[in-house]
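What follows is one structure encoded as structure tokens, with my remarks underneath.
First the proteins, then the strands, lettered A, B, ... as listed; each starts at 1.
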Protein chains: 2
Amino acid sequence: MKISELATKTRVPAKTIRYYETAGLLNTPLREANGYRCYSTDDIDTLIFIRRCRELNIPIDEIKQLVAVQRKPEASCDTVDNIIAEQLARVRQTQQELAQLEQALAMLATSCSHKQVQNCAILQSLKAD
Amino acid sequence: MKISELATKTRVPAKTIRYYETAGLLNTPLREANGYRCYSTDDIDTLIFIRRCRELNIPIDEIKQLVAVQRKPEASCDTVDNIIAEQLARVRQTQQELAQLEQALAMLATSCSHKQVQNCAILQSLKAD
DNA sequence: CTTGACCTTCCAGTTACTGTAAGCTTTATG
DNA sequence: CATAAAGCTTACAGTAACTGGAAGGTCAAG
């Protein structure tokens with residue numbers, strides 16, 4: 001199958017598929033006589049797996065580990081567990097930071113009663129160290 | 001004042017100050033005879049303002065507008081209001097996305113009972129389209 | 001035969017810095 | 001006074017994960 005077919009079947013843009021290849025996430029595919037990339041059905045599964053990981057914001061480098069560990073069926077799940085746990089921790093950390101941000105912005109947003117810039121309470125707040 | 005003094009007074013790294021200059025966020029400073037940048041006390045205020053905006057995750061381009069509008073004291077606060085409101089909307093949007101991410105990751109994290117990769121429920125889930 | 005849709009590679013741009021290198025000037029120390 | 005350390009300068013590269021665009025080859029249809 002050519003790259004555009006793989007792209008529609010996995011809902012990953014062709015451009016991104018080529019990028020994943022250079023990033024070492026996807027095996028270098030066979031080429032047809034004309035130089036076009038030629039993919040197998042296995043590549044569909046791998047690419048969907050990658051897409052699902054990316055939707056969970058898992059970094060490329062860690063997806064690489066997840067792809068690699070699947071080639072060793074006897075290995076323990078520790079790597080997998082750790083990557084998911086780390087990702088969850090990152091997400092929760094970001095959530096906390098965003099909650100503080102939201103507080104600060106919400107207070108700012110209501111602080112100015114639509115006057116002129118020279119009296120703007122928002123700008124005043126932002127000037128304070 | 002030289003760049004390192006400005007850096008300590010504003011808690012913005014000297015490297016970042018130079019970057020803000022090339023990014024058009026800071027006026028090009030005067031130079032001493034030896035070529036060293038020479039800053040005024042006004043630069044302290046501007047830079048603290050910029051740092052506070054960055055702490056609220058406001059993009060450089062929008063900080064540029066906020067800095068510019070302060071040079072027109074008679075202007076209305078609309079630009080300021082809009083930028084803060086947009087930033088707040090962005091933050092809330094990201095919060096929603098992260099909440100979904102957290103759900104998905106939390107479910108994944110508890111799904112595998114430490115077996116082998118070949119039976120790993122996490123990996124199974126990630127393979128499904 | 002030519003038009004349009006795909007395919008290829010390579011280079012540049014995105015965001016907001018940060019690291020590093022090479023080379024000056026100034027300050028501190030022996 | 002010599003020199004070494006600290007601080008200043010510029011310029012280039014790297015980060016993450018793509019995305020856009022240019023230039024050019026290939027293939028099927030009308």
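Atom CD of A:E32 is separated from atom P of C:dT8 by 9 Å (rounded to the nearest Å). Straight-line distance from the CG atom of A:D61 to the P atom of D:dA17: 7 Å, rounded to whole Å. A straight line from CD1 of A:I58 to P of D:dA16 spans 16 Å, rounded to a whole angstrom. The OH atom of A:Y19 sits 17 Å away from the P atom of C:dC10 (whole-angstrom rounding). We find that CG of B:L47 is positioned 14 Å from C1' of C:dC17, with the value rounded to whole Å. What separates CD of A:E21 from P of D:dA17 is a distance of 18 Å, to the nearest Å. Between the CD1 atom of A:I63 and the C1' atom of D:dA17 there is a distance of 10 Å, given to the nearest Å. The distance between atom CD1 of A:I17 and atom C1' of D:dT19, rounded to the nearest whole Å, is 14 Å.
Between B:E102 and A:R90, none of the side-chain N atoms (NZ, or NE/NH1/NH2) sits under 4.0 Å from a carboxylate O, so this pair counts as no salt bridge. A salt bridge links A:R37 to A:E21: at least one charged side-chain nitrogen sits closer than 4.0 Å to a carboxylate oxygen.
Considering every non-hydrogen atom in both A:I63 and A:R54, the closest pair reads CD1-CD, 3.5 Å.
With the nearest nucleotide of DNA chain C identified for both A:Y39 and B:R54, A:Y39 has the one nearer the 5' end. Between A:T16 and A:N34, the residue whose closest nucleotide on DNA chain D is further toward the 5' end is A:T16.
Phosphate proximity of D:dC18 to A:R51: absent, as no side-chain N or O sits under 4.0 Å from OP1 or OP2. Put simply, B:R37 has no side-chain N or O that comes within less than 4.0 Å of OP1 or OP2 on D:dC8.
When distances are taken from the side chain of B:P13 to each of C:dT18, D:dT19, D:dG7, the shortest belongs to C:dT18. Closest to the B:P59 side chain, of the nucleotides C:dA16, D:dC18, C:dT8, is C:dA16. With distances taken from any side-chain atom of B:K15 to the nucleotides C:dT9, D:dC18, D:dA11, the minimum falls on D:dA11. Side-chain proximity of B:Y36 to the nucleotides C:dT26, D:dT10, C:dT9 is greatest for C:dT26.
Nucleic acid contact class of B:R18 (heavy atoms, under 4.0 Å, all strands): base.
Judged purely by distance below 3.5 Å, without hydrogens or angles, the side chains of B:E97 and B:Q93 pair a donor atom with an acceptor atom.
A heavy-atom distance below 4.5 Å is not found between the side chains of B:S40 and B:M1.
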